[in-house]
Amino acid sequence: MIFKRLELQNFRNFDNEVLEFDNGMNIIYGQNAQGKTNILESLWLFTGAKSFRGSKDSELVKFDAVKAKIKLDFYDDGRDQDCVINIEKSRNAVLNGVEYSSASAIAGKIYAIVFSPNDLNIVKDGPVHRRKFMDTCLCQLYPKYISTSRRYLKALDQRNSILKNLKFNPNMEEFIVDFEKELAVTGSEIIGYRKRYIEAINKFLSKIYNGLSDGKEEISAEYETTAGDNEAEFLVALKNSRYEDMQTLSTSVGPHRDDLIIKINGISARSFGSQGQKRSAALGLKLSESAVISEVTGKTPVALLDDVMSELDTSRQNYILNHIKGWQVFLTCCDISNTEGLKNGKIFEIENGKLKQK
Ligand SMILES: Nc1ncnc2c1ncn2[C@@H]1O[C@H](COP(=O)(O)OP(=O)(O)OP(=O)(O)O)[C@@H](O)[C@H]1O
Ligand SMILES: [Mg+2]
């Protein structure tokens, strides 16, 4: 998948801008608040997803305008294609001349991954962020994962509400058994998906991280479950935790409590990693996600890397600039000296919503 040309009209702080991209590396640089992230955000919208900043559609329209239009020319499936997104209070999309009533209907046609400074939380914060990292990609790739997760969450809700009533009505314990069975069936399916996903991630992660750290560091990611190794073990774990769960009024075992343990040179990246190591690990996970999507769908997502260079030393920066092979990359940075090692590609300078190619 190659993004060739982007047109922005009244999008965020842009009036009318056109960018023609390089097939490999595209650097967008400028001072703070000039519109760098806005460009990545506009590209991301072509995936059909909402803004990665969580903004409302109406916030994407330039302050003094009524509507915005963004157009992407891209190459995929062996031919040139184009997609237009019109934004007012909501978005609609026109893909190769065919109109879609909502922009989310084009999901699955154009693939991208985004790395933003927030993604550091995958490595440095609580397990909820690592579960979200796995779930987001699995939901994109497998509709069955979405339906199974819904069933799991429903059963979890039901077990938790029985836990709340059990104190006053011990007869209700017989009902909990059915929900625990449903939790064990759906939960072990979720865990299976996640374990296979992490196996797939690991195939790419060690190579990418090794490159980033110039062969000096090793990384590993391992799924850690609270639910045992299979459906039967999960069922036993649920039964064994019932009394304790009655005290906390929540279910203490299951994929909703699982974690992904990321280690650098054998020790926890979360507890002991330096800033640069954490950033490299988060970036490695995101790029590996992209590689897995590519393996499963046959399409190579473009990589949108927002502010990834800060805190990285020159050798890590050079790896990003020159060694992410086979992907088209869009990378923002404030400091042009960070890109001195760039061998091929295009550099765009941005000032107050106006672009010039260097
Ligand atoms: N709807 C809008 N209309 C006009 N301007 C907007 C709109 N939304 C955001 N902006 C402006 O865009 C600018 C921020 O752009 P952006 O977040 O892309 O900056 P950036 O270059 O990535 O900066 P940083 O280096 O700090 O991350 C802000 O000055 C903001 O006021
Ligand atoms: Mg920014």
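In each ligand, atom 1 is the first atom listed, and ligand 1 is the first ligand listed. All of these numbers come straight from a predicted model, not from anything done at the bench.
- With no hydrogens or angles considered, a side-chain donor-acceptor pair links Asp306 and Thr332 at under 3.5 Å.
- Between Val61 and ligand 1, an N or O atom pair is found at a separation short of 3.5 Å.
- With side-chain heavy atoms closer than 4.5 Å counting as contact, directly or through intermediates, the hydrophobic cluster containing Tyr75 also holds Ile2.
- Salt-bridge annotation for Lys354 and Glu351: absent, with no side-chain N of the basic residue lying under 4.0 Å from a carboxylate O of the acidic one.
- Among all protein heavy atoms, the one lying closest to atom 18 (O) of ligand 1 is Asn38 N, 2.8 Å.
- Taking the six-membered ring where the residue is Trp, Tyr193 and Tyr145 present perpendicular rings, their angle passing 60° and hence far from 30°.
- Residue-environment remark: CG (Asp64) exceeds the threshold of 12 foreign heavy atoms within 6.0 Å.
- An N or O contact shorter than 3.5 Å is missing between Cys334 and ligand 1 by distance.
- Among Arg12, Arg53, Gln31, the residue whose heavy atom lies nearest to atom 16 (P) of ligand 1 is Arg53.
- Side-chain contact annotation: Thr251 with Asp245, donor-acceptor N/O pair under 3.5 Å absent.
- Not counting sequence neighbours, Glu233 has no partner by the salt bridge (Lys or Arg N to Asp or Glu O under 4.0 Å) test.
- Grouping Ile, Leu, Val, Met, Phe, Trp and Tyr by side-chain contacts under 4.5 Å, direct or through others, leaves Leu249 on its own.
- Neither the backbone nor the side chain of Glu41 comes within 4.0 Å of ligand 1, counting heavy atoms alone.
- Only protein N, O or S atoms were considered, and those under 2.8 Å from the Mg ion (ligand 2) are Thr37 OG1.
- Contacts between Glu351 and ligand 1, counted as non-hydrogen atom pairs separated by less than 4.0 Å, are absent for every part of the residue.
- Gln317 places a side-chain N or O within 3.5 Å of a backbone atom of Met309 that can act as its donor or acceptor partner.
- Taking a 4.0 Å cut-off on heavy atoms, Gly30 fails to register as neighbouring ligand 1.
- Atom 3 (N) of ligand 1 has Phe63 N, 3.0 Å as its closest protein atom, hydrogens excluded (heavy atom only).
- Under 4.0 Å is where a charged nitrogen must lie from a carboxylate oxygen, and between Asp258 and Arg130 no such pair does.
- By the definition of a contact as any protein heavy atom under 4.0 Å away, atom 30 (C) of ligand 1 is not in contact.
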